[in-house]
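Okay, so here's the structure we're looking at.
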Amino acid sequence: MQSRHYQVKEVAEQSGVSIRALHHYDAIGLLVPSLRTAAGYRLYSEGDLLRLQQILIGRELGLPLEEIRRSLDDPSFDRRRALLEQRAALARRAEQTSEMLRAIDAAIAVLDGASLDGGGNEREGTTMDYKKLFNGFDPSKYEDEVRQRWGHTEGYKASAKRAASYTEEDWKRCMAEQGAIYADAVAALNAGKKPDDAAVMDVAERHRLAIDRWFYPCNRKMHSGLADMYEADERFRAFFEGHAKGLAAFLSAAIRANAQRAPN
């Protein structure tokens with residue numbers, strides 16, 4: 001690589017990171033420029049830019065700044081291996097997003113009457129696979145993960161088979177119920193309500209009951225565990241953030257508040 005250094009303004013323009021943020025990264029030891037001029041101006045090397053890329057990737061994957069700093073400062077840190085792992089994680093996210101986009105297209109088709117006649121009835125010879133509406137965010141996709149984390153009972157095994165047997169009418173009802181829950185959660189978030197507001201906790205309880213009814217047994221303790229996944233797992237975060245920015249954290253906090261309100 002050519003030995004060139006960049007002023008903070010140039011780094012901000014190239015990366016999209018504000019000068020203020022770069023100053024903050026310097027202050028906390030996350031991204032300390034390799035050189036400074038006699039006047040104290042920051043100068044960033046190309047190695048610094050590669051480190052900044054790692055920071056931005058880490059933030060995109062939802063990692064806190066301190067965790068990113070510790071990882072980058074670890075003597076055993078391997079940038080190439082990290083990039084390969086990050087690429088794989090982002091590829092999974094891209095596939096998740098693609099699935100969700102296909103599901104949204106399916107929902108738009110329903111709303112536009114793609115498979116309905118003028119009277120709102122299905123056209124003869126056409127069918128709609130309503131399970132497609134949940135591609136990318138069907139809770140049953142993570143059933144094994146839920147089972148591994150919270151146990152495996154006979155009742156759980158029996159209920160796990162339900163989704164496979166659902167008819168189109170079942171999926172329509174499930175879609176309507178879930179859609180109403182998320183719409184109410186977004187409305188509460190946009191209205192500035194707190195997660196422990198009684199009305200918001202009621203939405204969280206409806207969310208729990210919907211999972212329990214449609215997918216697998218879900219008591220409040222398990223629901224709180226799911227809330228942890230919603231915030232930590234990029235697949236879940238992508239789904240909730242697709243509804244509204246901040247929804248993953250908001251609904252997760254409401255779920256925990258609801259569990260504390262009436263634990264079982």
Side-chain angles (χ1 to χ4, degrees), residues 1-97 100 137 142 145 148-149 189 194-195 224-257:
M1 293 188 297
Q2 296 180 351
S3 179
R4 184 192 165 183
H5 287 81
Y6 301 81
Q7 296 179 357
V8 67
K9 182 180 178 181
E10 293 178 290
V11 175
E13 290 174 348
Q14 293 179 21
S15 67
V17 178
S18 70
I19 293 176
R20 182 178 180 180
L22 290 171
H23 287 177
H24 176 63
Y25 290 171
D26 183 7
I28 64 175
L30 179 61
L31 180 65
V32 178
S34 296
L35 293 175
R36 289 182 185 268
T37 67
Y41 293 112
R42 297 168 174 83
L43 293 176
Y44 295 84
S45 69
E46 291 175 328
D48 295 334
L49 297 186
L50 288 173
R51 182 179 174 103
L52 177 58
Q53 183 196 49
Q54 284 292 310
I55 294 168
L56 296 181
I57 293 172
R59 294 297 285 162
E60 183 64 27
L61 293 174
L63 300 177
L65 292 179
E66 179 57 25
E67 183 175 337
I68 296 171
R69 188 193 64 77
R70 287 199 304 269
S71 174
L72 294 176
D73 289 344
D74 187 330
S76 65
F77 176 74
D78 183 328
R79 179 172 279 125
R80 188 177 189 280
R81 184 179 64 184
L83 286 168
L84 290 173
E85 292 173 350
Q86 291 157 353
R87 188 185 189 286
L90 290 171
R92 290 193 298 270
R93 175 179 290 186
E95 176 58 27
Q96 172 80 4
T97 301
M100 291 171 64
F137 44 80
Y142 311 114
E145 192 168 352
Q148 290 169 7
R149 293 192 182 203
L189 173 63
K194 300 295 185 182
S224 294
L226 288 174
D228 294 339
M229 288 174 59
Y230 295 162
E231 290 187 292
D233 191 306
E234 64 191 55
R235 299 165 298 180
F236 284 105
R237 279 201 315 275
F239 166 57
F240 288 112
E241 297 300 295
H243 283 275
K245 185 174 179 58
L247 184 61
F250 179 75
L251 182 58
S252 295
I255 288 171
R256 296 187 190 101

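With hydrogens and angles ignored, the 3.5 Å screen pairs a side-chain donor or acceptor of E241 with a backbone N or O of A248. D48 places a side-chain N or O within donor-acceptor distance of the main-chain N or O of S45, the cut-off being under 3.5 Å. Without hydrogens or angle criteria, Q14 side chain to V11 main chain gives no donor-acceptor distance under 3.5 Å. Checking side-chain atoms of R51 against main-chain N and O of L30 turns up a donor-acceptor pair under 3.5 Å. Side-chain atoms of R42 never come within 3.5 Å of backbone atoms of R36 as a donor-acceptor pair (strictly under, hydrogens ignored).
Remark: E13 CD to E10 CD distance equals 7.0 Å, nearest 0.5 Å. Atom CG of residue L49 and atom CZ of residue R4 lie 9.5 Å apart, to the nearest 0.5 angstrom. Going from atom OG of S252 over to atom CZ of R237 covers 10.5 Å, rounded to the nearest 0.5 Å. Taken to the nearest 0.5 Å, the CG atom of L72 stands 6.0 Å off from the CD atom of Q54.
Across all non-hydrogen atoms, the minimal contact from E46 to Y6 is OE2-OH, 3.7 Å. Here the closest non-hydrogen pair linking I55 and I68 is O-CD1, 3.7 Å. The two residues P195 and A253 have their closest heavy-atom pair at CB-CB, 3.5 Å. The two residues A244 and L189 come nearest to each other via the heavy atoms CB-CD2, 4.1 Å. Residues I19 and A12 approach most closely at CG1-CB, 3.8 Å, considering heavy atoms. Across R256 and S224, no two heavy atoms sit closer than the pair CA-OG, 4.2 Å.
Using a 4.5 Å cut-off on side-chain heavy atoms (C-beta onward), I28 and H24 make contact. Here the side chains of Q7 and T37 are not in contact, with every heavy-atom distance at 4.5 Å or above. At a threshold of 4.5 Å between non-hydrogen side-chain atoms, the residues P33 and D26 count as touching. At a threshold of 4.5 Å between non-hydrogen side-chain atoms, the residues F240 and L251 count as touching.
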Item checked: Y44 vs L31, side chain to side chain contact (heavy atoms under 4.5 Å, CB included): CA-CA, chis, key distance, verdict -> CA-CA 9 Å; Y44 295 84; L31 180 65; 4.0 Å; yes
Note to self: One pair to check against side chain to side chain contact (heavy atoms under 4.5 Å, CB included): L83 and Q53. What are the steps and the verdict?
What the structure shows: CA-CA 10 Å; L83 286 168; Q53 183 196 49; 3.8 Å; yes
Notebook entry, point to check: Can Y25 and L52 be said to form a side chain to side chain contact (heavy atoms under 4.5 Å, CB included), step by step?
Noted result: CA-CA 9 Å; Y25 290 171; L52 177 58; 4.2 Å; yes
Next item on the list: Could you go through the salt bridge (Lys or Arg N to Asp or Glu O under 4.0 Å) check for R70 and E67 one step at a time?
Entry: CA-CA 5 Å; R70 287 199 304 269; E67 183 175 337; 5.0 Å; no
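Taking a 6.0 Å sphere around CD of E231, one finds it holds more than 12 heavy atoms contributed by other residues, nucleotides or ligands.
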Name each donor-acceptor pair under 3.5 Å that joins a side chain in residues 74-81 to protein atoms two or more places apart or in another chain, with its distance.
unit_1: D74; atom_1: OD1; unit_2: S76; atom_2: N; d: 2.9
unit_1: D74; atom_1: OD1; unit_2: S76; atom_2: OG; d: 2.8
unit_1: D74; atom_1: OD2; unit_2: S76; atom_2: OG; d: 3.4
unit_1: D78; atom_1: OD1; unit_2: R80; atom_2: N; d: 3.1
unit_1: D78; atom_1: OD1; unit_2: R81; atom_2: N; d: 3.1

